[in-house]
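Before any comments, here is the structure.
Just so it is clear: chains get the letters A, B, ... in the order the sequence lines come, proteins before strands, and each one is counted from 1.
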Amino acid sequence: MISRIKGTNDIIEDSRIWEWLEGKLKNVALNFGFIETRTPIFEATELFNRSVGNETDIVQKEMYTFEDKGNRSITLRPEGTAPVMRAFIENNLLSKGLPQKLFYYGPMFRYERPQAGRMRQFHQFGVELIGSPLPIADAMTILLAIEMLKAIGLDKFKLKINSTGDEKCRPNYVEALKAYYKPFFNDLCDDCRVRYDRNVLRLLDCKKDAKYAENAPKITDYLCHDCKVHFDKLRKYLDEMEIEYEVDPSIVRGLDYYTRTVFEFKYPSLGAQDAIGGGGRYDRLIEELGGPKIPSIGFAFGIERLILALEEEGKLPKAEDLDVYIVSIDEDQRIEALKVASALSRYFKVDVDVMGRNVKGQFSYASKENARYTVVIGEEEIRTGLYTLKNMKTGEQSKVRLSEMIKEINGAK
RNA sequence: GUGGUUGUAGCUCAAUUGGUAGAGUGUCGGACUGUGGAUCCGAAUGUUGUGGGUUCAAGCCCCACCAGCCACCCCA
């Protein structure tokens with residue numbers, strides 16, 4: 001038997017849940033005036049090297065990269081922002097004016113060791129608000145995310161925010177961090193000794209060396225005037241919208257393109273993979289990809305993780321019941337049953353036997369599928385044109401014409 | 001990529017020191033030939049994750065691989 005690749009999943013009976021969730025998220029985005037972008041699932045490797053960052057774990061060890069038959073280096077997208085920005089530049093969306101409000105949905109790929117909530121092919125729903133440097137854009141983006149979580153009914157999440165500064169103030173902070181960690185350098189874990197040079201911010205969220213992080217200098221104390229004002233305004237906006245959040249200096253994010261605001265939505269009971277969504281501002285990304293200098297902000301939710309969280313809260317949608325099941329008494333009425341099913345299917349969710357089951361078997365099936373009504377068709381019904389309609393909850397039966405049936409079933413709804 | 005743990009019917013899980021692979025549940029059928037849910041009866045379904053090895057004999061012991069889960073790591 002050939003089985004699926006590690007870290008991937010077949011969605012079969014749960015497709016109902018996925019459709020529901022995708023629909024909810026999409027609706028909120030559309031209502032806020034965002035439009036959908038669909039970009040290719042693979043891109044030139046260079047796109048991610050330049051945007052996500054050469055020194056990040058994603059680029060260093062997690063990308064599905066291969067050469068195609070034309071010797072081009074191709075990578076299955078590990079995240080959604082860089083491709084959307086590439087599309088923004090390539091299609092000259094700037095000419096349509098700012099802001100551009102875009103969303104995307106689809107599979108992402110990262111070569112990681114799978115566990116619950118961490119897949120090699122996973123799905124993100126993401127939003128990008130392109131063009132505004134103002135903190136009100138940050139507030140709108142976060143608000144949008146909160147509205148989405150509300151729309152799907154999720155409660156027990158926590159919003160954490162931080163500022164990572166910009167090109168003016170971050171270097172100072174990096175220096176301060178390096179100076180702070182230097183005396184402990186030999187005590188740090190192997191990973192952290194490497195990170196010290198590559199990206200010292202990452203030391204802050206290392207679980208092994210957490211004891212050093214407590215007293216480490218905080219980025220919020222090193223922000224330049226502009227970054228500090230930006231961050232303070234965002235916090236004020238969030239307060240005014242009564243959005244609860246926590247400033248968490250350990251939120252640094254693993255992608256290099258972030259500037260200023262970063263945030264994560266945590267769902268603590270999910271265990272180690274507890275980030276259900278995250279995002280931030282990327283004021284220099286478009287420029288770094290060869291486009292104009294346009295500041296932007298965005299975020300993405302992980303669909304698999306949202307489903308895990310919804311499952312915990314018992315908020316997954318229930319299977320939709322059948323409205324009508326059409327029972328045929330024997331072989332002779334099969335085709336009439338199918339015709340009735342066809343007529344009723346314009347109004348209701350219907351089903352009909354295709355297994356050649358006897359009457360009892362058909363009723364059992366209707367019952368198992370929670371059919372609200374059954375229509376029984378036998379020799380007599382065909383002769384008189386009066387069908388037997390049974391309410392499966394009360395057990396009551398009546399004889400009705402097809403034309404009356406629709407009213408009757410609707411009336412009981 | 002590192003460490004740990006698990007893998008037996010569709011699902012949940014049994015199987016003593018190595019000695020005939022089982023139960024519950026679900027599925028299908030019957031009791032009830034034009035009426036479901038309850039009850040009773042019956043039936044089908046297994047390469048015990050895969051491949052090697054040890055043994056008279058392996059679900060059980062050994063090795064490798066595969067997959068899930070937990071943690072690291074990383075993030076969605």
Worksheet item: Looking only at atom P, what distance separates B:A43 and B:U48, rounded to whole Å?
Response: 23 Å
Worksheet item: Between A:Asp155 and A:Lys315, is there a salt bridge with N-O shorter than 4.0 Å?
Response: yes
Item to complete: Check whether any side-chain N or O of A:Asn358 sits under 4.0 Å from OP1 or OP2 of B:G29, and answer yes or no.
Response: no
Scan every strand shown for a Watson-Crick or G-U wobble partner of [N], both distances under 3.5 Å, and answer none if you come up empty.
N     : value
B:A43 : B:U27
B:G37 : none
B:G7  : B:C66
B:G19 : B:C56
B:G1  : B:C72

Practice prompt. Rounded to the nearest angstrom, tell me the gap between atom CD in A:Gln60 and atom C1' in B:C73.
Written response: 14 Å
Where the side chain of [X] is defined as all heavy atoms beyond and including C-beta, which of [options] is the nearest nucleotide?
X        : options             : result
A:Ser364 : B:G34, B:G36, B:A76 : B:G36
A:Ile329 : B:U35, B:G34, B:C73 : B:G34
A:Gln124 : B:C74, B:A76, B:C69 : B:A76
A:Arg202 : B:C75, B:A71, B:U35 : B:C75
A:Arg113 : B:C70, B:C75, B:U2  : B:U2
A:Lys360 : B:G29, B:C75, B:C32 : B:C32
A:Gln115 : B:C69, B:U35, B:C75 : B:C69
A:Val376 : B:U35, B:A76, B:G1  : B:U35
A:Asp57  : B:G34, B:C74, B:G68 : B:C74
A:Met392 : B:G30, B:G36, B:C74 : B:G36

Any donor-acceptor pair, under 3.5 Å, between the side chain of [X] and the base of [N], if you only look at N and O atoms?
X        : N     : result
A:Gln362 : B:U35 : no
A:Arg110 : B:C74 : no
A:Arg195 : B:C73 : no
A:Lys390 : B:U35 : yes
A:Arg357 : B:C28 : no
A:Lys6   : B:G68 : no
A:Gln273 : B:C74 : yes

Name the nucleic acid region contacted by [X], choosing base, sugar-phosphate or nothing; use a 4.0 angstrom heavy-atom cut-off, strictly under.
X        : result
A:Gly361 : nothing
A:Met119 : base
A:Ala272 : base
A:Gly126 : nothing
A:Arg253 : sugar-phosphate

Response to the item:
Comparing A:Thr8 with A:Tyr258, nearest RNA chain B nucleotide closer to 5' gives the residue A:Thr8
Discussion item. Heavy-atom nearest nucleotide on RNA chain B for A:Gly7 versus A:Glu304: which residue maps closer to 5'?
Written reply: A:Gly7
Worksheet, complete the sentence: So CG of A:Asp256 and CG of A:Asn49: to nearest 0.5 Å the spacing works out to 11.0 Å
Worksheet entry | Of A:Val52, A:Val84, A:Ile58, the residue whose pairing with A:Glu79 passes side chain to side chain contact (heavy atoms under 4.5 Å, CB included) | A:Val52
Worksheet entry | Atom CZ of A:Arg198: over 12 foreign heavy atoms under 6.0 Å | yes
Discussion item. If you take the centroid of each ring, where Trp contributes its six-membered ring, are A:Tyr373 and A:Tyr325 closer together than 6.0 Å?
Written reply: no
Discussion item. Any heavy-atom pair between the side chains of A:Gln121 and A:Arg110 that's under 4.5 Å?
Written reply: no
Worksheet item: Has A:Tyr365 got its ring stacked on B:G36, by the test of a centre gap below 5.5 Å and a plane angle below 30°?
Response: no
Worksheet item: Looking at A:Tyr180, A:Phe185, A:Tyr212, which one forms a ring-ring contact (aromatic ring centres under 6.0 Å, His included) with A:Tyr196?
Response: A:Phe185
